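To start, the structure under review is shown below, and the notes come after it.
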Amino acid sequence: MARLGLPALLCTLAVFSAALLAAELKSKSCSEVRRLYVSKGFNKNDAPLHEINGDHLKICPQGYTCCSQEMEEKYSLQSKDDFKSVVSEQCNHLQAVFASRYKKFDEFFKELLENAEKSLNDMFVKTYGRLYMQNSEVFKELFKELKHYYVVGNVNLEEMLNDFWARLLERMFRLVNSQYHFTDEYLECVSKYTEQLKPFGDVPRKLKLQVTRAFVAARTFAQGLAVARDVVGKVSVVNPTAQCTHALLKMIYCSHCQGLVTVKPCYNYCSNIMRGCLANQGDLDIEWNNFIDAMLMVAERLEGPFNIESVMDPIDVKISDAIMNMQENSVQVSQKVFQGCGPPKPLPAGRISRSISESAFSARFRPYHPEERPTTAAGTSLDRLVTDVKEKLKQAKKFWSSLPSNVCNDERMAAGNGNEDDCWNGKGKSR
């Protein structure tokens, strides 16, 4: 009987040795998990060298595992950081697009105003000389208010332009009637005749219409780009819920606990998780698309009759035309004003001749030569700027509803669509 027991004992020892050898071979799979865990800056003492019983795991599949409880907790935090990082990268690109376009448009607009003011000043100095310089604050105030409207917005453009033409009429009325003395009260009466007499022809009406709609459209467009930039910046900051955090851990790192360190999450699996984690961002999509459509409508107007470049570039010529119209009709305008406001008081004889010689107003605005204008604002044109922004706006449509799939297209987050038979599905390596 003893001899019969020896083979059985040897057989038992062989099976036991094989089991020990298998266990030893199995334990080697944790070394790669440990190495990657430590490479992320975590404590190597958290990571077992051999597979251990996984009853302590709360999210990842239990059974034999390479993850300790500490590893699961740290992987949970890491999965949140990974998720936030990829979402942030996706959004940062779009935010940078809007930020750069806003900066370019803002720079263009401000330089356009500066060029228009410089052009008017240079040409009026050459044409009217000292006469213009003595009254230049009227024009400086016009551009100051236009800039203020663009930056702050609390300017009534129609009222401001009405005031500009009224002030210009007062100054010119004095100049063309320099033999008279006018009190401030008399000049106030003169300004009331601006609309009735149309001393500047049809220029004020046309310019008011052009400036008002062009400036409103330009400011709206610029503000819209700034709003888009800020919205993307705020919405890109994600704070995963507890449910999302569990799902992220299961998707990104639970495979490591089973020793599958090179297997990436399945693409469809990733998409489902991302749709849940980015549900709030997805809900924004309808309003976002409406906003993009509204911006595209404003862009279309900027390319047409609301083109601020075509309004501001020749503004000096238009104002000069108005001044020449006033000069040509000064006698009729003056007679009607005298009838309505009363006869003015003549200046003393000695002052009349000096006043007339000082304010001779017979100059004519010289012809407009395009080559003499300042260089195009910001090294581009409004048409080129708007065309570029329109393209970026169209690309930004459905951004939030597309964000889950765009996140999963990142190779750090999921396997490609072609690797659906060799990927992590949350439980194991499978489809």
Side-chain angles (χ1 to χ4, degrees), residues 12 15-87 238-279 404 407-408 410-417 419-431:
T12 302
V15 170
F16 184 66
S17 297
L20 286 174
L21 181 61
E24 187 179 345
L25 288 171
K26 243 187 169 185
S27 70
K28 291 178 182 177
S29 64
C30 285
S31 61
E32 184 62 15
V33 174
R34 195 172 196 250
R35 186 188 68 78
L36 289 173
Y37 181 76
V38 172
S39 72
K40 291 185 178 294
F42 298 133
N43 191 335
K44 68 178 180 179
N45 295 328
D46 295 341
L49 286 169
H50 308 275
E51 282 191 331
I52 58 176
N53 188 292
D55 291 346
H56 55 274
L57 297 179
K58 296 177 181 177
I59 307 299
C60 293
Q62 296 180 337
Y64 283 102
T65 181
C66 287
C67 286
S68 64
Q69 184 177 345
E70 291 80 11
M71 289 177 70
E72 187 181 47
E73 290 170 357
K74 288 177 182 176
Y75 272 149
S76 180
L77 295 174
Q78 185 63 46
S79 64
K80 283 173 67 174
D81 289 343
D82 291 351
F83 168 66
K84 288 181 178 181
S85 176
V86 175
V87 171
V238 289
N239 292 301
T241 62
Q243 185 179 4
C244 171
T245 300
H246 291 167
L248 289 170
L249 167 62
K250 200 170 183 181
M251 183 185 92
I252 301 174
Y253 288 111
C254 282
S255 57
H256 288 217
C257 296
Q258 295 193 15
L260 303 172
V261 293
T262 60
V263 178
K264 294 178 181 179
C266 299
Y267 182 85
N268 289 336
Y269 173 44
C270 174
S271 294
N272 289 334
I273 300 300
M274 289 304 116
R275 278 196 290 271
C277 288
L278 295 169
V407 168
C408 293
D410 190 302
E411 61 180 10
R412 292 168 294 177
M413 296 299 286
N417 276 316
N419 296 321
E420 286 292 283
D421 289 325
D422 189 23
C423 56
W424 172 252
N425 65 6
K427 295 179 181 178
K429 182 179 177 182
S430 177
R431 172 173 285 277

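For the numbers below, each heavy atom of this structure counts, side chains included, while hydrogens, waters and symmetry mates do not. If you're wondering where the values come from, they're calculated on a predicted model, not measured in any experiment.
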Heavy atoms only: give me the nearest [X]-[Y] pair and the separation to one decimal.
X	Y	result
Cys423	Ala415	CB-CB, 4.2 Å
Ser255	Ile252	OG-O, 3.9 Å
Gly54	Thr65	CA-CG2, 3.5 Å

### Task
Show the numbers, then the answer: is there a side chain to side chain contact (heavy atoms under 4.5 Å, CB included) between Met274 and Met413?
CA-CA 10 Å; Met274 289 304 116; Met413 296 299 286; 4.0 Å; yes
Please tell me if the side chains of [X] and [Y] come closer than 4.5 Å, counting only heavy atoms from C-beta onward.
X	Y	result
Cys270	Met251	yes
Pro61	Cys257	no
Leu248	Cys277	yes
Thr245	Ser76	yes
Lys58	His246	no
Ser271	Arg275	yes
Tyr37	Gln78	no

To the nearest 0.5 Å, what is the distance between [atom1] ([X]) and [atom2] ([Y])?
X	Y	atom1	atom2	value
His256	Glu32	NE2	CD	9.5 Å
Asn43	Met71	CG	CE	11.0 Å
Ile59	Ser79	CD1	OG	10.0 Å
Leu278	Phe83	CG	CZ	4.0 Å
Leu249	Lys80	CG	NZ	11.5 Å
Ile52	Tyr64	CD1	OH	11.0 Å

### Query
Under 3.5 Å, is there a donor-acceptor pair between the side chain of Ser85 and the main chain of Asp82?
no
### Query
Okay, side chain of His56, backbone of Cys67: is any donor-acceptor separation there less than 3.5 Å?
yes
### Message
Restricting to salt bridge (charged side-chain N to carboxylate O under 4.0 Å, His left out), what partner residues turn up for Asp410, sequence neighbours left out?
### Response
Arg412
#### Entry: side-chain contact (heavy atoms from CB on, under 4.5 Å) involving Val263 - partner list, sequence neighbours excluded
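Testing Val263 for side-chain contact (heavy atoms from CB on, under 4.5 Å), a comparison that skips the adjacent residues, returns Leu260, Trp424, Lys429.
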### Summary
So salt bridge (Lys or Arg N to Asp or Glu O under 4.0 Å) across residues 70-79, not counting sequence neighbours, yields Asp46-Lys74
### Task
Measure up the Tyr75 and Tyr253 rings against each other and bin them: parallel (under 30°), tilted (30 to 60°), perpendicular (over 60°).
parallel
### Message
Using the rule given for side chain to side chain contact (heavy atoms under 4.5 Å, CB included), can you reason through Gln258 versus Val33, listing the C-alpha separation, both sets of side-chain angles and the distance that settles it, and then say yes or no?
### Response
CA-CA 9 Å; Gln258 295 193 15; Val33 174; over 6 Å; no
### Task
Start with the C-alpha distance between Ser31 and Arg34, add both sets of side-chain angles, then the distance that settles side chain to side chain contact (heavy atoms under 4.5 Å, CB included), and finish with yes or no.
CA-CA 5 Å; Ser31 61; Arg34 195 172 196 250; 5.5 Å; no
